[in-house]
Amino acid sequence: MTETFHWQNAPSADFAVIAEDASHSLSPRMHNAAFTALGLAFRYVAVNVARGDVGFALDFLRSRAYRGVNVTLPHKEEARAWCSEFINTDYPEVNVANTILLDSRQGFNTDTLGFLRSITPLGLKAGDQCLVLGAGGSAHACIAVLLKLGCRVSLWNRTRERANETNERFSGRVALQKEPDLAGINLLVNATSVGKIGGELPLDWTRSPSDLVAYDLYYAKNPTQFLQNAAAQGLRAMDGSSLLVYQGAEAWRCWGLPEPDVNLMVKEVQDALAI
Ligand code: NDP
């Protein structure tokens, strides 16, 4: 468990991850290790913020001379609303902030480039079939990246209305599924929060082709039910630990920091998950 602080008791530090419950976050460990490796005397902490308090918390951290924050579940929309400027030219359909430069009140979304980097080893080609589960901010990031790669993207979300809104956001370029169907899918992305908060996904794994890659954006010490089901089917499965690293490395760029040692960040995350 990561040590957390309520935002009103946030200690003197330079960077923070904010979440409703940041105790699961490996960001402090990962970023602090990368700072130390480069001889940067920065401190990165985990800060809990209740829904509705994000603007107050960001104002407070800014007044305490924090330089930047990462934002995670469920605060990315509130964080975006706090920003005076949102810099996201590559993927304009994505309108939630997971990285903030506090002094200038600039927001960024690094889940997009982080996701892109995490799937690069898969060698997806234009025309490949991808199914995204979920219609929240991280699903938008994945869909934007996959469409830009030329993949054909389908979407299933528990709440149909939200799936429709997502499709409108992407100008109808997403095929909506009433029930998720794994037939013919090359990449299946679980961008729901089921791995974190629990629940069942209505997936019939027996319909998946043998070369389907199952990617759960969530990371945890133990594989999620989604990843366990994929592995039981003999499928290649990956969790969100590489996304955590790559979106974090991209955040350094937004904060005006030098290039971090990504291999070291990967090792820190792997070590933390292995304990
Ligand atoms: P949001 O809260 O924006 O979206 C959550 C999504 O999960 C919605 O589509 C929601 O559907 C769906 N959902 C929630 N509960 C259920 C359920 N019981 N059954 C089916 N669907 C459900 O979350 P985010 O998009 O921000 O994050 C999604 C996941 O991605 C989280 O687990 C998060 O930890 C992970 N993530 C990991 C990152 C990393 O660095 N590894 C980076 C970003 C995200 P509905 O619309 O019906 O409510």
| message | Before we go on, tell me: are the rings of Tyr66 and Trp7 under 6.0 Å apart, centre to centre? | response | no

| said: Checking Ser138 against Asp111: is there a side-chain donor and acceptor pair closer than 3.5 Å? | reply: no

| N-O pairing of Glu20 and Arg51 below 4.0 Å | yes

| said: Could you check whether Gln225 and Asn229, counting side-chain N and O atoms only, form a donor-acceptor pair closer than 3.5 Å? | reply: yes

| With under 30° as parallel and over 60° as perpendicular, where do the rings of Tyr215 and Phe115 fit, or are they tilted in between? | parallel

| task | Might you confirm whether atom CD of Glu77 has over 12 heavy atoms from other residues, nucleotides or ligands at distances under 6.0 Å? | result | no

| said: If we ignore hydrogens and angles and just use 3.5 Å, is the side chain of Thr159 paired with the main-chain N or O of Glu161 as donor and acceptor? | reply: no

| task | Flag yes if more than 12 heavy atoms outside Lys125 fall under 6.0 Å of its NZ atom; otherwise flag no. | result | no

| query | Atom CE of Met265 and atom CH2 of Trp252: how far apart are they, to the nearest 0.5 Å? | reply | 6.5 Å

| Salt-bridged, Asp21 to Lys196, with N to O below 4.0 Å? | no

| Do the rings of His140 and Phe170 sit parallel, tilted or perpendicular, given the 30° and 60° boundaries? | perpendicular

| request: First locate atom CG of Asn98, then atom SG of Cys254, and finally report the distance between them rounded to the nearest 0.5 Å. | output: 8.0 Å

| Quick check: are there more than 12 heavy atoms from other residues, nucleotides or ligands sitting under 6.0 Å from CD of Glu200? | no

| Parallel, tilted or perpendicular: which describes the rings of Phe15 and Trp255, with under 30° parallel and over 60° perpendicular? | tilted

| message | Just by distance, no angles: are the side chains of Ser104 and Gln106 close enough, under 3.5 Å, to form a donor-acceptor pair? | response | yes

| query | Going by distance alone, is a donor N or O of one side chain under 3.5 Å from an acceptor N or O of the other, for Thr224 and Asp216? | reply | yes

| task | Using a 4.5 Å cut-off on heavy atoms from C-beta on, say whether the side chain of Val189 contacts that of Leu133. | result | no

| field | Arg169/Glu93 under salt bridge (Lys or Arg N to Asp or Glu O under 4.0 Å): CA gap, chis, key distance, verdict | value | CA-CA 6 Å; Arg169 177 181 292 273; Glu93 302 92 350; over 6 Å; no

| query | Below 4.0 angstrom, N of the basic side chain to O of the carboxylate: do Glu250 and Arg253 qualify? | reply | yes

Only distances under 3.5 Å count here; give the side-chain donor-acceptor pairs of residues 238-245 to other protein atoms, sequence neighbours excluded, each with its distance to 0.1 Å.
| residue | atom | partner | partner atom | Å |
| --- | --- | --- | --- | --- |
| Asp239 | OD1 | Ser241 | N | 3.0 |
| Asp239 | OD1 | Ser241 | OG | 2.6 |

| request: State, with a plain yes or no, whether a side-chain heavy atom of Val54 is found less than 4.5 Å away from one of Val71. | output: no

| message | Can a side-chain donor-acceptor contact be found between Asn95 and Arg80 if the only test is distance below 3.5 angstrom? | response | yes

| ring-ring contact (aromatic ring centres under 6.0 Å, His included) partners of residues 187-210, not counting sequence neighbours, each pair once | Trp205-Phe226

| task | Taking the side chain as every heavy atom from C-beta outward, state whether Leu146 and Lys148 have any atom pair closer than 4.5 Å. | result | no

| Looking only at side chains, do Asp181 and Trp156 share a donor and an acceptor under 3.5 Å apart? | no

| message | So does Ile143 get a backbone contact from the side chain of Tyr91, meaning a donor-acceptor N/O pair under 3.5 Å? | response | no

| task | Indicate yes or no: at least one non-hydrogen side-chain atom of Leu116 is less than 4.5 angstrom from one of Leu149. | result | yes

| said: With a sphere of 6.0 Å drawn around NZ of Lys267, does it hold more than 12 non-hydrogen atoms of other residues, nucleotides or ligands? | reply: no

| Leu102 backbone acceptor or donor facing Arg62 side chain under 3.5 Å | yes

